[in-house]
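Source: prediction; values computed, not measured.
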Amino acid sequence: LPISMTDAERIMLQAFVGPGAALALAIGANPATVLIVCSPDSGYNAGAVLKKELARFGARGGGSAILAQGNLPDPSVIPELKRALGWMDE
């Protein structure tokens, strides 16, 4: 899924997590980019979670408790990152 995060997409994801506990994960393949959004009442800190998981791949990223983003060294690690984050494909 090749995507490039625009400001509009970030705003849309932030709006998604406004009311009620929610998490959103957006991953782009080219470049390999990841964005996590967590509602304040989700119990998760997007910045801390993403920073920890990206470090496993020698990558950097971070952000606030609500929104974080980073880049991966290679799209081939996307499936492993999704597993590490507990993401289930349908």
Side-chain angles (χ1 to χ4, degrees):
L1 172 65
I3 63 170
S4 175
M5 279 300 150
T6 65
D7 288 339
E9 290 165 328
R10 284 185 194 90
I11 290 168
M12 181 180 65
L13 286 172
Q14 285 178 310
F16 164 76
V17 297
L23 302 169
L25 174 67
I27 298 176
N30 190 14
T33 306
V34 62
L35 181 124
I36 297 176
V37 184
C38 303
S39 65
D41 57 350
S42 69
Y44 291 93
N45 180 312
V49 168
L50 188 61
K51 185 175 183 177
K52 175 186 169 195
E53 293 305 330
L54 289 181
R56 295 176 23 166
F57 302 101
R60 293 178 36 176
S64 70
I66 295 172
L67 185 144
Q69 64 184 32
N71 296 316
L72 295 165
D74 187 305
S76 68
V77 301
I78 290 172
E80 187 176 346
L81 175 67
K82 287 168 68 175
R83 281 191 297 277
L85 292 170
W87 193 260
M88 303 284 212
D89 287 327
E90 292 187 22

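Rounding to the nearest 0.5 Å places OG1 of T33 at 7.5 Å from CG of L72.
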Pairs under 3.5 angstrom only: tabulate donor-acceptor contacts from the side chains of residues 52-67 to other protein residues two or more places apart or in another chain.
residue, atom, partner, partner atom, Å
E53, OE1, R56, NH1, 3.4
R56, NH2, E80, OE2, 3.4
S64, OG, I66, N, 3.2
S64, OG, L67, N, 3.0
S64, OG, L67, O, 3.3

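A side chain to side chain contact (heavy atoms under 4.5 Å, CB included) with I36 holds for exactly one of N45, L50, L23; it is L50.
Pairs passing the salt bridge (charged side-chain N to carboxylate O under 4.0 Å, His left out) check and including a residue from residues 64-75, sequence neighbours excluded, do not occur. Within the structure, salt bridge (charged side-chain N to carboxylate O under 4.0 Å, His left out) contacts touching residues 25-39 (residues at least two apart or in different chains) do not occur.
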